[in-house]
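These notes concern the structure reproduced below.
Values below: all heavy atoms of this structure, side chains included; hydrogens, waters and symmetry mates excluded.
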Amino acid sequence: MPFSSSASLQSFAPQNDGAHQQIPIEDAAAASPPMTDAAAVGVDTADDVDGRRLRRKISNRESARRSRARKQRRLDDLRALAASLRGGRRELAARVHAARSRVAIVLHANDELRAEAAALSRRLEVAAHGALALNQLYAAAAGLGVGTFEQAAASLIVWS
C-alpha cells in the first residue's frame, strides 16, 4: 500500500468513484482490527488456534464434569433402590416366616382333627355294631315269645 508523505494519514486504493480516501491512522485502527497477511488469507494465527484449543479444553472438561455428575446421580439412585429392595426382601422374608409358622400350626391342628375323626369313626362303628346287636336281640325276643328282654338275651347266649 502506498503511504503519503504525511505520517498521520494513510491512503487507500481508489473506490468506485476513483477518488482517494484519506483516513487518519488512529481512526483506522479503531474502526477495524489490524489485518495481517495471514488473517487476510484465512490462515489462523497461533492465538486463534490456542484460543480454540483452550475453549475446547474447557468445553470438554465441563462435559466430563456433567458426565461424572450424571454417573454419580445414577449410582446414588441405584444404591437407594438396592437399599429399598433389601428392605422389601427382609419384610417379605419375615412375612414368609410368619406364614410358614401359621401353616405348621394349621397342619398340626389338622393332624389332631384327623386323629380325633378316626377315633370317633371307630367309636361310631362299635356303637353301630352294638345297635345292630340290640336290634337283633329285640327281634329275637319278639320272635321267641319270651317275656322279658333279659330272658331273650339269656336264651341267645345259650344258643350261641
Side-chain angles (χ1 to χ4, degrees), residues 12 15-16 23 25-160:
F12 288 92
Q15 295 181 350
N16 290 341
I23 301 174
I25 293 178
E26 296 82 19
D27 293 341
S32 66
M35 292 203 33
T36 63
D37 291 334
V41 176
V43 176
D44 294 333
T45 63
D47 290 341
D48 291 341
V49 171
D50 289 344
R52 278 198 308 263
R53 185 176 294 141
L54 181 61
R55 284 192 300 275
R56 255 194 333 266
K57 272 186 178 180
I58 292 170
S59 175
N60 287 346
R61 286 178 182 163
E62 186 62 24
S63 177
R65 185 194 61 77
R66 287 191 307 266
S67 178
R68 286 190 302 271
R70 278 192 309 270
K71 184 177 178 181
Q72 186 63 46
R73 281 193 305 271
R74 178 71 175 142
L75 183 61
D76 292 343
D77 290 345
L78 289 174
R79 284 181 177 153
L81 178 61
S84 173
L85 290 174
R86 278 192 296 274
R89 187 176 59 87
R90 280 191 297 270
E91 179 185 335
L92 288 175
R95 289 174 60 188
V96 164
H97 180 72
R100 285 184 177 160
S101 297
R102 287 192 304 272
V103 165
I105 291 169
V106 168
L107 288 175
H108 181 68
N110 194 20
D111 289 342
E112 287 179 351
L113 289 173
R114 284 182 194 210
E116 186 179 344
L120 289 174
S121 178
R122 285 190 297 274
R123 284 180 59 193
L124 180 61
E125 190 177 317
V126 169
H129 284 304
L132 183 59
L134 280 177
N135 191 17
Q136 289 174 350
L137 186 60
Y138 283 129
L144 293 174
V146 179
T148 66
F149 174 73
E150 288 81 17
Q151 290 173 349
S155 67
L156 282 175
I157 291 173
V158 172
W159 285 11
S160 346

Which atom pairs, one a donor and one an acceptor, fall under 3.5 Å between side chains of residues 113-134 and the rest of the protein, sequence neighbours left out?
none

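Listed by chain and residue number, Glu62 satisfy the side-chain hydrogen bond (donor to acceptor under 3.5 Å, both in side chains) test with Arg65 (two or more places apart in sequence, or in another chain). In this structure Leu75 satisfies the side chain to side chain contact (heavy atoms under 4.5 Å, CB included) test together with Gln72, Arg79, sequence neighbours excluded.
For the side chain to side chain donor-acceptor pair (under 3.5 Å) condition, no pair includes a residue of residues 82-103, sequence neighbours left out. The stretch residues 50-59 participates, sequence neighbours left out, in these salt bridge (Lys or Arg N to Asp or Glu O under 4.0 Å) pairs: Asp44-Arg52, Asp50-Arg53.
Of the inter-residue distances, the one linking Lys71 atom NZ with Leu78 atom CG reads 12.0 Å to the nearest 0.5 angstrom.
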